[in-house]
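Below is one structure, written out as structure tokens; comments come after it.
Worth saying up front: this structure is predicted, and the values here are computed from it rather than measured.
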There are 2 protein chains.
Amino acid sequence: MATSIHINLSHKSYLREPESTELGRKIITESIKLIDALGFEQFTFKKLAAEIGSTEASVYRYFENKHKLLVYLVSWYWAWVDYNVTFQTHNIQDPRQRLCRALEVLTKAGQDDDPAVAYIDERILYRIVVAESSKVYHTKEVDAENKEGYFLEIKRLCRHLAQLVLDINPAYPYPHALISTIMDAAHQQPYFAKHLPSLTEIKDTQRAKEETLEFLKHLLFSAVDSVEYNSKQ
Amino acid sequence: MATSIHINLSHKSYLREPESTELGRKIITESIKLIDALGFEQFTFKKLAAEIGSTEASVYRYFENKHKLLVYLVSWYWAWVDYNVTFQTHNIQDPRQRLCRALEVLTKAGQDDDPAVAYIDERILYRIVVAESSKVYHTKEVDAENKEGYFLEIKRLCRHLAQLVLDINPAYPYPHALISTIMDAAHQQPYFAKHLPSLTEIKDTQRAKEETLEFLKHLLFSAVDSVEYNSKQ
DNA sequence: ACTTTTATGATAGTATTACTATTATTAACA
DNA sequence: TGTTAATAATAGTAATACTATCATAAAAGT
């Protein structure tokens, strides 16, 4: 993948664009490290400011609160995955192979250390998304934030992948439900493997993502293929 | 279902058993209402104490903190669902029909107002579990809490349902992964229908649970049935 | 009946969190 | 060179997440 791409978000969970300044980029870089290290609950702007040698007040000029920072990070992640899916599938003609590749990108998003943006460590960000992303939409403000466009990136990826499903079988009736289920499982199954192993057959080894991919491929294709579709009609 | 059943939890997320005293039961009853009303982040023991006409210090005698209270509520919920699954399936002979019924119990758990325990409103608790339950295991303490047995109830239900899958097709290689995925989707799809409708085909109507059940049944059975198994061997 | 234990209430206090406000300093820009 | 904008430094506030102490009342044990 090309170095130095730019991911555009379609909403403003920030007060001041963090990409445009040195301090802003430091906030992103270090918040990723610190949320991963402490967990979102223990993470505070004060600790972050200490880490980057700045002040709490300065961080607050970029993000209203830590929740909005998390929204920003998670949205960036989904936009980045969507970009990767597009990039990695655009010259695959066979719809089945294309969806396979997309699933692989989705499942292995945290694997290769191929930084697209200098100040974002996607491998650490992946761990944050796995552990914390459900917290961005499981709040009382979900409807208000949805109106602000905070979830457009995950919705776009879901729509994108659902279209790949329909390319295989336009008669399958639940493409979005299937994809949102798969997207979640792609993250949760390796997490379960590591922390709650009795909830899955996936083993917490180097092959965990590979095994997850096998499980998801089987799940997805058996659902899509079990709906009759006569392509000749 | 019989009124006045007793759900036993296999761990102690509490300091003092809340079921055994008037105040303890009030804590459970009112915390369910208040977490539902405010969301878990805005919920505090001070507000809860005010609601039940007691003091913060008294609530702290029952639960170390609000996180452990949530662990208790969510565990109770899973134990209750597991009880219901057992009860509603025990005289169904056909394994396929049995799993169907189990799925129905899982998906419609928040529907019927048939209180099994006087001081717990299962319909409100259902909403809490949908919106907040992932927060119980997405923390830095997940491994320590797992050792304490805090997740035994969800694991037991997963094992239970996975066994029903194996009763249909012992050759299916991912019964637990499939069930943990389905358990999650059973809650998230109706939530998406209500709050992030572009992530699912399910509509936020009275039939939402019914539609979710259709989606899940199709997903589950197509996966299980697409693995070859010769029962005559 | 009397003592001991236990549960609750009342009150106070602390460190941390999640902010907001003010002012000074420095860098950028016109 | 003067103006604007960004940051640092500092202070302050209300709420949160607790802990501690003591009094009282009810329940249990002897």
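Seen from the ring of A/F40, A/K66 counts as a face-on cation partner, given the 6.0 Å and 45° thresholds.
Rounded to whole Å, the distance from CZ on A/F43 to C1' on C/dA18 is 13 Å. Computed from coordinates, the A/E41 CD to C/dT17 P distance equals 13 Å when rounded to whole Å. What separates NZ of A/K68 from C1' of C/dC19 is a distance of 14 Å, to the nearest Å. Taking atom CD of residue A/Q42 and atom C1' of nucleotide C/dA18, one finds them 14 Å apart after rounding to whole Å. Note: NZ (A/K47) to P (C/dA15) measures 16 Å, nearest angstrom. Between A/L48 atom CG and C/dT17 atom P the separation is 13 Å, expressed in whole Å. The CD-P distance, from A/E22 to C/dA27, rounds to 14 Å in whole Å. Atom CZ of A/R61 and atom C1' of C/dA21 are 11 Å apart (whole Å).
B/Y60 comes within 4.0 angstrom of a nucleotide base, judged by non-hydrogen atoms across all strands. Across all strands shown, A/Y62 has heavy atoms under 4.0 Å from sugar-phosphate atoms exclusively, and none from any base. Nucleic acid contact for A/E64: sugar-phosphate only, since backbone atoms but no base atoms lie under 4.0 Å from a heavy atom of the residue. Residue contacts for B/R16: at a heavy-atom cut-off of 4.0 Å it reaches the sugar-phosphate backbone alone, with no base atom in range.
Checked by atom type, the side-chain pair B/H195/A/N146 shows no donor-acceptor distance below 3.5 Å. Side-chain polar atoms of A/S180 and B/Q188 form no donor-acceptor pair below 3.5 angstrom.
Taking the six-membered ring for Trp and the full ring otherwise, A/F192 and B/H176 have centroids separated by 6.0 Å or more.
For NZ of B/K140, the number of neighbouring non-hydrogen atoms (other residues, nucleotides, ligands) closer than 6.0 Å is greater than 12. Annotation: B/K26, atom NZ; neighbour count of heavy atoms from other residues, nucleotides and ligands within 6.0 Å does not exceed 12.
Position along DNA chain D of the nearest nucleotide to A/S54 versus B/E56 favours A/S54 as the more 5'-ward residue. When each of A/T44 and A/A57 is assigned the nucleotide of DNA chain C with its nearest heavy atom, A/T44 is the one assigned upstream, toward the 5' end.
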Applying ring pair (Phe, Tyr, Trp, His ring centres under 6.0 Å), run through A/H6 and A/W80 and close with a yes or a no. CA-CA 9 Å; A/H6 185 85; A/W80 172 70; over 10 Å; no
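First and last contacting nucleotides of DNA chain D toward chain B (any atom under 4.0 angstrom from a heavy atom, 5' to 3' order): D/dT16 to D/dA20.
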